[in-house]
Amino acid sequence: MKATAIGPSNIAFIKYWGKKDENLRLPENGSISMNLSDLTTTTTVEFLQNLREDSVIIDGKAEKKKIERVSKQLDRVRKIAKFPYKAKVVSQNNFPSGTGLSSSASGLAALTLAASKSAGLNLSEKELSILARQGSGSACRSVPDGFVEWLEGNTSETSYAYSLYPENYWDILDIVVVVSHDKKDISSTGGQKIVATSSFYKVRLSNINKKIELCKKLLSEKNFPEFGKLIEAEALELHAIMLTSSPSLIYWLPGTIKIMKLVKKWRSEGLAVYFTVNTGQDVHLIIEGKNKEILLEKLQKVKEIKKVIVNTPALGARLINKHLF
Ligand code: PMV
């Protein structure tokens, strides 16, 4: 059976950085995120009895490293379905991959849902999240809807994401500011392997549960200024760890810093806007929906910006009827 799923990327407000089990992708800490409406991957999967190898095309290309990652995830599905068939997979991102916009989260969430459906499995949201997590940690957060918490867990069965609030809970936006189309030189997976080389990492872990609780409280109160302050400080803490890892990880470009400084300036002038950044150069601006036009107007005047992508909070991974082949 052919199945197609669409998976959203997500932006973490409290980040996942460091694993306590590399193989199972069990995180050192829990995290909190929001699914993004306009950064998505669509994937069609069909298991076929006469295929000798998995055939995988992502954005029109068959790249060895990506095929291996997809095949590994298909193996997990084959194991549960208890059959040996290879699959044909075609996947399309609506945004560039490898630049820090979390295409592995949207991609692995869409793949997990489409593959499990194509294999005839009817997995629960929790089971899908657990399975997606093994393909890419942050992908487990792209399975449930809206605003999401990933529970750290100590075993594979207890480390999964669930929805804290639906996508229409809070009218906030993630306006992604693309400052370069360059691919990052170190992947998130690579960066996470050296996290313990930063002497600040222990300090982060000792405070992280308090931070998660505070983030959940501010979300429940819809306290935008305090929420914004918290997530911006969290992003800077993450990058302090990256900068002080060995070898150091410098994901920012001059355009990244320019935007961060402008955000602080605009805030001092009265606009409630906050930033967060992942493993890449692009900046996510978090703002209340009512301030969208004011911010977009300001962004139009910044010459370093290559592209702006406006995201509302979104549904998690879901099946669609329009197949890619
Ligand atoms: O799931 P990965 O391996 O792409 O790692 C994600 C890492 C961050 O984006 C920096 C943080 C996060 O929680 O999304």
Side-chain angles (χ1 to χ4, degrees), residues 1-10 23-25 35-37 39-95 97 102-145 148 150 156-157 159-163 189 314-325:
M1 182 177 61
K2 202 182 281 186
T4 300
I6 183 161
S9 174
N10 67 74
N23 255 341
L24 287 172
R25 291 182 199 266
N35 289 331
L36 303 175
S37 62
L39 296 179
T40 60
T41 305
T42 304
T43 301
T44 300
V45 179
E46 186 170 26
F47 286 98
L48 294 162
Q49 297 198 20
N50 56 358
L51 274 184
R52 296 183 58 189
E53 296 292 332
D54 290 323
S55 148
V56 181
I57 305 285
I58 301 174
D59 292 335
K61 285 180 275 190
E63 287 173 37
K64 196 165 172 269
K65 254 180 119 176
K66 290 186 180 173
I67 296 175
E68 280 170 11
R69 197 163 184 185
V70 168
S71 271
K72 269 194 179 172
Q73 191 67 352
L74 293 172
D75 285 344
R76 294 183 182 103
V77 174
R78 283 188 273 257
K79 200 171 160 196
I80 302 173
K82 298 193 180 74
F83 69 52
Y85 311 129
K86 301 292 180 191
K88 178 170 177 183
V89 177
V90 174
S91 188
Q92 198 68 49
N93 290 301
N94 77 343
F95 64 100
S97 62
S102 304
S103 57
S104 68
S106 52
L108 266 296
L111 175 68
T112 304
L113 178 56
S116 60
K117 200 72 197 168
S118 170
L121 300 170
N122 260 321
L123 301 181
S124 66
E125 179 184 282
K126 178 176 162 182
E127 288 168 325
L128 282 168
S129 179
I130 289 170
L131 198 53
R133 188 205 72 231
Q134 294 169 63
S136 164
S138 53
C140 77
R141 296 190 310 237
S142 290
V143 173
D145 292 340
V148 170
W150 173 7
S156 194
E157 287 65 43
S159 185
Y160 62 93
Y162 72 100
S163 179
T189 306
L315 289 170
R318 57 213 176 267
L319 292 164
I320 56 171
N321 292 324
K322 210 168 153 227
H323 303 303
L324 295 181
F325 62 86

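Nothing here was measured: the structure is a model prediction, and the numbers come from that model. Start at 1 with the first residue, then count along the sequence.
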For residues 42-51, dump all side-chain donor-acceptor pairs below 3.5 Å to protein atoms at least two apart in sequence or in another chain.
residue: Thr43; atom: OG1; partner: Ser91; partner atom: OG; Å: 2.9
residue: Thr44; atom: OG1; partner: Thr4; partner atom: OG1; Å: 2.7
residue: Thr44; atom: OG1; partner: Leu324; partner atom: N; Å: 2.8

Could you pull out all donor-acceptor pairs under 3.5 Å where a side-chain atom in residues 127-134 meets a protein atom, sequence neighbours excluded?
residue: Glu127; atom: OE1; partner: Ser124; partner atom: N; Å: 2.8
residue: Glu127; atom: OE1; partner: Ser124; partner atom: OG; Å: 3.2
residue: Ser129; atom: OG; partner: Cys140; partner atom: O; Å: 3.0
residue: Ser129; atom: OG; partner: Ala161; partner atom: N; Å: 2.9
residue: Arg133; atom: NE; partner: Leu24; partner atom: O; Å: 3.0
residue: Arg133; atom: NE; partner: Arg25; partner atom: O; Å: 3.2
residue: Arg133; atom: NH1; partner: Ser156; partner atom: O; Å: 2.9
residue: Arg133; atom: NH1; partner: Ser159; partner atom: O; Å: 2.7
residue: Arg133; atom: NH2; partner: Leu24; partner atom: O; Å: 3.0
residue: Arg133; atom: NH2; partner: Ser156; partner atom: OG; Å: 2.8
residue: Gln134; atom: NE2; partner: Ile130; partner atom: O; Å: 3.2

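When every heavy atom of Gly7 is checked against every heavy atom of Ser106, the shortest pair comes out as O-CB, 3.3 Å. Contact detail for Val77 and Ser116: the closest heavy-atom pair is CG1-CA, 4.0 Å. Taking both residues in full, the closest heavy atoms of Ala109 and Val143 are given as CB-CG2, 4.4 Å, listed atom of the first, atom of the second, then distance. Contact record, Arg69 with Ser104: NH1-CB, 4.1 Å, taken as the closest heavy-atom pair. Nearest heavy atoms, Pro144 versus Glu125: CB-OE2, 3.4 Å. The minimum heavy-atom distance linking Ala62 with Ile57 is given by the pair CB-CD1, 4.1 Å.
Contacts of Asp75 classified as side chain to side chain donor-acceptor pair (under 3.5 Å), with partners at least two apart in sequence or in another chain: Arg78. Scanning for side chain to side chain donor-acceptor pair (under 3.5 Å) contacts around Asn10 gives Arg141, Ser142, with sequence neighbours left out. Every residue meeting the side chain to side chain contact (heavy atoms under 4.5 Å, CB included) condition with Lys66, not counting sequence neighbours, appears here in chain and number order: Ile58, Glu63, Ser97. Qualifying side chain to side chain donor-acceptor pair (under 3.5 Å) partners for Tyr85, counting only residues two or more places apart in sequence or in other chains: none.
Remark: the backbone N or O of Pro8 is not paired with any side-chain donor or acceptor of Thr40 at under 3.5 angstrom. Asp54 contributes a side-chain N or O that, together with a main-chain N or O of Ala87, makes up a donor-acceptor pair within less than 3.5 Å. In this structure, Asp59 contributes its side chain and Asn93 its backbone to a donor-acceptor pair below 3.5 Å.
With rounding to the nearest 0.5 angstrom, the CG atom of Leu39 is 6.5 Å from the CG atom of Asn94. Here Ser71 contributes atom OG and Lys86 contributes atom NZ; the two are 6.5 Å apart, rounded to the nearest 0.5 Å.
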Next on the checklist: Between Leu113 and Leu319, is the side chain to side chain contact (heavy atoms under 4.5 Å, CB included) condition met? List the steps.
Outcome noted: CA-CA 7 Å; Leu113 178 56; Leu319 292 164; 3.9 Å; yes

Item to check | Trace of the side chain to side chain contact (heavy atoms under 4.5 Å, CB included) decision for Ile67 with Val89 | outcome: CA-CA 10 Å; Ile67 296 175; Val89 177; over 6 Å; no

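Ion pairing of Lys72 with Glu68 is absent here, as no side-chain N (NZ or NE/NH1/NH2) approaches a carboxylate O to less than 4.0 Å.
For the pair Leu111 and Leu74, the minimum side-chain heavy-atom distance is below 4.5 Å.
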